[in-house]
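Since this is a predicted model, take the numbers as computed values, not measurements. The figures that follow rest on heavy atoms only: side chains count, while hydrogens, waters and symmetry mates do not. Both ligands and their constituent atoms are indexed starting at 1 by order of listing.
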Amino acid sequence: MNDYYTLGIESTCDETGCAILCNEQILANVVASQIDLHTEYGGVVPELACRRHIDLIIPVVDEALQQAGIPLSKIDLIAVAQGPGLVGAIMVGLNCAKTLAWTLGKPLIAVNHIEAHLFAALMHQKTPAAYPCIGAVLSGGHTALVHITQPGVYQLIGQTVDDAIGEAFDKVARMLGLPYPGGPVIEALARQGDPKKYPLRAGSVKGHPLSFSFSGLKTAVLYTAKGKGAKPGSELLLPQSELPHLAASFQQAALEDIVLKVHKAAEMKGCKTILFGGGVTANQRLREMFAAHSQFTYHWPEKGLILDNAAMIAGLGLQKFRQQSKGAPLEIEAMPNMPFT
Ligand code: KG4
Ligand code: ZN
C-alpha cells in the first residue's frame with residue numbers, strides 16, 4: 001500500500017499549529033505559541049489571536065512540510081479544526097485548509113478540537129482502548145465527561161456549570177499576580193506548599209453528581225488571599241510566603257474533585273478504561289493522584305500532544321476520513337460552539 005500523507009491545521013485558540021502524518025506516524029508537529037502576546041493581558045485576547053494566526057499560518061505550514069521532508073504536492077488529505085473556539089481564530093486555519101484542499105484537489109476533513117484532545121490519548125498507544133470507556137476533557141475552555149460506547153460515539157454525562165478547570169487555574173493565577181497560562185505556574189508553586197494548609201473544596205451541583213463547579217473555589221481563594229468581599233484586582237493581604245500553600249490547597253481541591261468525579265463516572269457506567277485530553281493533563285500531580293488507583297486503565301496524551309497541537313487534528317481527521325470515505329464541502333464554516341456529542 002502507498003504511504004498516505006495527512007496535513008492537519010489547528011488555530012482554535014492561541015496556538016497556530018500544522019502537522020504532517022505519514023499514515024499514522026507523526027512526521028512533523030509544529031506549534032507556534034502566542035503566549036507572549038497574551039500574557040500581559042492575563043488571558044487570550046481574541047482579536048490579537050486572530051491577527052497573529054494570520055501572520056503565522058503560512059510560515060507554520062511551510063515549517064511543518066520542511067520538517068517532514070515532503071513537498072506540498074505529496075499531501076493526500078487536509079484536516080482542520082472547525083471548532084469549538086474563537087470564531088476569528090478558527091476562520092484563519094479553516095480558510096488556509098480550504099485553500100490547500102482546493103488548490104491541491106485533495107479532500108478536506110473537518111474535526112472537533114475537543115474530540116481531537118481525547119483522540120490524542122490514543123495516538124501513541126500500542127494496544128487499542130477497550131470500549132465502552134470514559135473520556136475526561138480537562139482543558140482551558142472545557143471540563144466534560146463523556147461515555148464513549150465505541151470509537152467516535154460519545155454521550156455527554158457531565159460538564160462544568162461555570163468555569164472550566166484550566167480556566168480556574170488561569171483565573172486563580174491572575175488574581176495572585178502570576179502570569180498566564182496559570183496552570184503550569186500554579187503547579188510549580190504548589191510543589192513548595194502544603195496542600196492541607198487551607199481548607200478549600202470544589203463545588204457540587206445538587207442532583208448532578210457528575211457536574212463540576214469551580215467558581216466557588218475560585219472565590220474562596222480570592223477571599224483567602226485578599227480578604228472577604230475583595231475583587232480580583234484588589235491588593236494581596238496574605239504574605240507572599242503563604243502563596244505556595246494557597247496554590248497547593250487550591251490545586252489539591254480542584255484535582256481531588258476531578259479524580260472523584262471521573263471515577264464516579266467510570267463506576268456509574270461500568271467502565272474500566274479512561275481517556276484523558278486537554279492542557280490540564282500536563283499536570284503531574286493530577287497524573288500521580290490517578291496513578292494511586294490501580295483498578296483502572298488510564299490513557300494519557302504524550303508530550304507534544306497535550307496542549308493544543310495539529311497532530312491530534314490530523315490523526316482524528318485521518319481516522320474519520322477512513323470511516324466516511326468522503327470529505328467536507330468547501331462551504332463549511334467555523335463553528336465556535338461546535339458540539340461533539
Ligand atoms: O487544551 P489546552 O491547551 O487549550 C484549550 O483547548 O483550552 O488547555 C490550556 C489550559 C490552560 O488553562 C492552562 O492553564 C492549562 O491548560 N494547563 C495546566 C497545566 N498546563 C496547562 N493546568 C494545570 N496544570 C498544568 N501543568
Ligand atoms: Zn485545546
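- Close approach to Gly141 involves these atoms of ligand 1, each under 4.0 Å from a residue heavy atom: 7 (O).
- When only interatomic distances are considered, the shortest N/O to N/O separation between Gly140 and ligand 1 falls below 3.5 Å.
- Evaluation of the side-chain hydrogen bond (donor to acceptor under 3.5 Å, both in side chains) rule for Asn29 yields no partner, not counting sequence neighbours.
- The ring of Phe169 has its center closer than 6.0 angstrom to the ring center of Phe250.
- The proximity of His142 to ligand 1, defined as any non-hydrogen pair under 4.0 Å, does not occur for either the backbone or the side chain.
- Residue contacts with ligand 1 do not include Gln251, since none of its heavy atoms lies under 4.0 Å from the ligand.
- Counting heavy atoms closer than 4.0 Å to ligand 1, residue His113 contributes side-chain atoms (C-beta onward) but none from N, CA, C or O.
- The nearest protein atom to atom 26 (N) of ligand 1, hydrogens excluded, is given as Glu187 OE1, 2.8 Å; this is a heavy-atom distance.
- Side-chain contact check for Leu318 versus Glu24: some heavy-atom pair is nearer than 4.5 Å.
- In this structure the side chain of Ile26 reaches within 4.5 angstrom of the side chain of His124, judged on heavy atoms.
- What sits closest to atom 14 (O) of ligand 1 on the protein, heavy atoms only, is Asp170 OD1, 2.7 Å.
- Between Leu37 and Val45 there is no side-chain heavy-atom pair separated by less than 4.5 Å.
- Distances below 4.0 Å separate heavy atoms of Ser139 from the following atoms of ligand 1: 1 (O), 5 (C), 6 (O), 7 (O).
- The protein non-hydrogen atom at the shortest distance from atom 24 (N) of ligand 1 is Asn283 ND2, 3.0 Å.
- Tracing side-chain contacts under 4.5 Å through hydrophobic residues (I, L, V, M, F, W, Y), one reaches Ile165 starting from Ile134; they form part of the same cluster.
- An N or O contact shorter than 3.5 Å is missing between Leu307 and ligand 1 by distance.
- Distance check, rounded to the nearest 0.5 Å: CZ of Phe212 to CG of Asp257 gives 6.0 Å.
- In terms of protein heavy-atom proximity, atom 15 (C) of ligand 1 is closest to Val280 CG2, 4.0 Å.
- Any N or O atom pair closer than 3.5 Å counts here, and Phe169 shares no such pair with ligand 1.
- Atom 21 (C) of ligand 1 has Gly279 O, 3.4 Å as its closest protein atom, hydrogens excluded (heavy atom only).
- Looking at Gly183 next to ligand 1, an N or O pair under 3.5 Å apart turns up.
- What sits closest to atom 2 (P) of ligand 1 on the protein, heavy atoms only, is Asp308 OD1, 3.4 Å.
- Every atom of ligand 1 with a heavy atom of Gly166 under 4.0 Å away is listed here by number and element: 12 (O).
- Screening His53, Glu10, Arg52 for a side-chain hydrogen bond (donor to acceptor under 3.5 Å, both in side chains) involving Thr16 leaves a single residue, His53.
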For this session: Would you sort out whether Leu100 and Leu72 count as a side chain to side chain contact (heavy atoms under 4.5 Å, CB included), showing the intermediate values?
Result: CA-CA 9 Å; Leu100 287 171; Leu72 191 55; 3.9 Å; yes
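- Ligand 1 is approached by Gly278 to a heavy-atom distance shorter than 4.0 Å.
- Residues Phe340 and Val146 form a side-chain contact, since some pair of their non-hydrogen atoms from C-beta on lies under 4.5 Å apart.
- In the model, Asp162 has a side-chain atom that pairs as donor or acceptor with a side-chain atom of Ser213 under 3.5 Å.
- Panel detail: the Zn ion (ligand 2) has protein N, O or S atoms under 2.8 Å away, 3 in number.
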